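Everything numeric here is computed off the predicted structure, so don't read it as measured data. Just the heavy atoms: all of them, side chains too, but no hydrogens, waters or symmetry mates, feed the values below. As the structure lists them, so they are numbered: ligands from 1, and atoms in each ligand from 1.
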Amino acid sequence: MKVIQVDAERSYSVFIDTNWKDSLQDLFEGRERVAVFFSESMKMSIPQFECGDTEFFYFPVPDSEGAKSAKVLMQVWDWLGAAGFTRTDLIIGIGGGAVTDFSGFAAASWLRGLDWVAVPTTVAGMVDAAVGGKTGINSDYGKNLIGAFHSPIAVIVDSRWLETLSDRDFAAGLAEVVKTGFISDTKILEIMDGKSLSEIRQSSALTIELVERSIAVKAKVVSGDFKESFDREILNYGHTFGHAVELHSKYALRHGESVSIGLVFIAELLFELGLIDSDLVKMHRRLLENLNLPVSYKDGVWPDLLAHMRMDKKSRGNVLRFVGITGIGKTQRVEAPPESALLKAYERVSK
Ligand SMILES: NC(=O)c1ccc[n+]([C@@H]2O[C@H](COP(=O)([O-])OP(=O)(O)OC[C@H]3O[C@@H](n4cnc5c(N)ncnc54)[C@H](O)[C@@H]3O)[C@@H](O)[C@H]2O)c1
C-alpha cells in the first residue's frame, strides 16, 4: 500500500493499492451511524458492513449523472434526517466520479458538513474526482453548478475495481492521466508512449503506477491552491475546448473523451502560437490515439464552440484564457490568442 497526503483545508490520506473493505473498517471505529452511498448498478459489490455497535444505512442512488440532481439530494436529506444523522456520523461514497461528487456534496450540506470518505471505482474517479474536495451536483443550467469545497477524511483507491470497467470508461479516465503527464510528470508519458489501451489494462502494475503518479500531482496541486484561485487551474489543461465539445455533444461524449479532443486542440493552438514544436503536438495525438480516444470533433460549428469557450470559468469577460505548456511540465497561461490561430487549431481537430 502507498499513502499520499493531501493538505488542503484539512489533511487527509489517499490510500493506494489497498483492500478497500479493510481500509474502510478502520474508519468506522467509534461512529454511531454510517451512510453508504453507491449507484444502483453496483449494489452487488456492496457488502453488509459490521463494526461493533455502528449502525449502517445503505442509500442506492441513480447511476452516473442521474445521481447528481437536486431531486436525489432532497431524497437523501430526508433519509439522513429520518435516520438521525448527526455531526459525528460518517458518509461513504462508493462509485465513479458522479457518485463521489454527489456523496461529498451530501456530506458538505447536511448539518453544514459531515465527515465523508471517497471510494472511487473508475480511473477518472481515482485520478481526479475523488481527490481534491470539489463536490457537487448539476443544475438545469449546466454541470457542477451547485457545489462546495469539502475535503474527504480519506480516499481509498483499490485498483481491483477497474477489472469490471468498460474499455470506454477506462480509456476516458486515462485522458486525465495523459493530461497530468503533459503538465507535470514526463515519466507518465514515457510509460504510456507506444502502449495500447489493452497493454496498459493488462498490467495492473502499470495501471497502479499511472494512477499513483497522477494522484501525486493532483494532491500537490490542490494542497497548494485548494479553492482554485490560481495554480489549480493547470489541472484544466485541455479542458477549455474539451468542455465546449462536451457541452456541444450534449454529453454524448464522456468527459475524458472531450478532454482528449481538447488536448489536441490546445497542442495545435500552442504550436500555432510558436510555443511548442510539431513533435510535441504529434506526441499528444499519438498517446491519445493509442488509447482509442477521439482526437477530432466533426459535429461542431466554430462560432458555437467559441461561445461555449467564452463561458469557461477561466475566461474573463470576452477574453479567452487557456492553460498552455511550453514543454512537458512547463505550464503557462495563454490569454486572448488571435482568432486566426484559434481557427487554425480548430480546423486541425475538426477534420
Ligand atoms: N470533483 C472533481 O474534482 C471532479 C473531477 C473530474 C470529474 N468529476 C466528475 O466525475 C464524473 C465523471 O466520473 P466518471 O468518469 O467516473 O463517470 P461516472 O461516475 O458516470 O461512471 C461511469 C460509468 O462507470 C460505471 N462504473 C463505475 N465504477 C465501475 C466499476 N468498477 N465497474 C464497472 N462499471 C463501473 C458507472 O456506473 C457509470 O455507468 C462527472 O460527474 C464529473 O463532473 C469531478
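In terms of polar-atom proximity, Gly97 is counted as a contact of ligand 1, with an N or O under 3.5 Å from an N or O of the ligand. Considering backbone and side-chain N/O of His255, none are found under 3.5 Å from N/O of ligand 1. When only interatomic distances are considered, the shortest N/O to N/O separation between Ser166 and ligand 1 does not fall below 3.5 Å. The shortest N or O to N or O distance between Ala98 and ligand 1 is below 3.5 Å. Residue Thr135 has no N or O atom closer than 3.5 Å to an N or O atom of ligand 1. Considering backbone and side-chain N/O atoms, Lys134 comes within less than 3.5 Å of an N/O atom of ligand 1.
Residue contacts with ligand 1 for Lys143 involve side-chain atoms from C-beta outward but no N, CA, C or O (heavy atoms, distance under 4.0 Å). The proximity of Thr121 to ligand 1, defined as any non-hydrogen pair under 4.0 Å, involves the side chain as well as the backbone. Contact annotation: for Asn144 versus ligand 1, heavy atoms closer than 4.0 Å belong to the side chain alone.
Put simply, the side chain of Lys179 gets close to the backbone of Leu235: a donor and an acceptor are under 3.5 Å apart.
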Donor-acceptor pairs are to be reported for all side-chain atoms of residues 148-159 against protein atoms at under 3.5 Å, with residues two or more places apart or in another chain.
| residue | atom | partner | partner atom | Å |
| --- | --- | --- | --- | --- |
| His150 | NE2 | Leu114 | O | 2.8 |
| Ser151 | OG | Ala8 | O | 3.2 |
| Ser151 | OG | Glu9 | OE1 | 2.9 |
| Asp158 | OD1 | Arg160 | N | 3.1 |
| Asp158 | OD1 | Arg160 | NE | 3.0 |
| Asp158 | OD2 | Trp20 | N | 3.1 |
| Asp158 | OD2 | Arg160 | NE | 3.3 |
| Asp158 | OD2 | Arg160 | NH2 | 2.5 |

Under 3.5 Å, sequence neighbours excluded: what are the donor-acceptor pairs made by side chains of residues 281-294?
| residue | atom | partner | partner atom | Å |
| --- | --- | --- | --- | --- |
| His284 | ND1 | Leu280 | O | 2.8 |
| His284 | NE2 | Tyr237 | OH | 2.9 |
| Arg285 | NE | Glu268 | OE2 | 3.3 |
| Arg285 | NH2 | Glu268 | OE2 | 2.9 |
| Arg285 | NH2 | Arg348 | O | 3.1 |
| Arg286 | NE | Asp193 | OD1 | 2.9 |
| Arg286 | NH2 | Asp193 | OD2 | 2.8 |
| Asn290 | ND2 | Arg286 | O | 3.4 |

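Residue contact annotation: Arg254 has no non-hydrogen atom under 4.0 Å from ligand 1. Remark: distances from the non-hydrogen atoms of Arg160 to ligand 1 are all 4.0 Å or more.
Of the listed options Glu65, Lys68, Glu246, Lys68 places a heavy atom closest to atom 43 (O) of ligand 1. Among Leu162, Val123, Asp63, Asp101, the residue whose heavy atom sits closest to atom 9 (C) of ligand 1 is Asp101.
Every atom of ligand 1 with a heavy atom of Thr164 under 4.0 Å away is listed here by number and element: 30 (C), 31 (N), 32 (N), 33 (C). Under a 4.0 Å criterion applied to the non-hydrogen atoms of Ser41, ligand 1 contributes the atoms 37 (O). Heavy-atom contacts of Lys218 reach the following atoms of ligand 1: 3 (O) (cutoff under 4.0 Å).
The side-chain heavy atoms of Thr180 and Arg213, taken from C-beta on, include no pair separated by under 4.5 Å. Phe37 is listed as a side-chain neighbour of Val76, based on a closest heavy-atom distance under 4.5 Å.
In the model, Trp116 has no side-chain atom that pairs as donor or acceptor with a side-chain atom of Ser103 under 3.5 Å. Side-chain contact of His255 with Glu176: a donor-acceptor pair under 3.5 Å is present, judged by distance alone.
Phe322 has its ring centre no less than 6.0 Å from the ring centre of Phe241. Checked against the 6.0 Å centroid criterion, the rings of Tyr297 and Phe265 do not qualify as a close aromatic pair.
Under the 4.0 Å criterion applied to side-chain N and carboxylate O atoms, Asp225 and Arg232 are not assigned as salt-bridge partners.
In this structure, atom 25 (C) of ligand 1 has no protein heavy-atom contact shorter than 4.0 Å.
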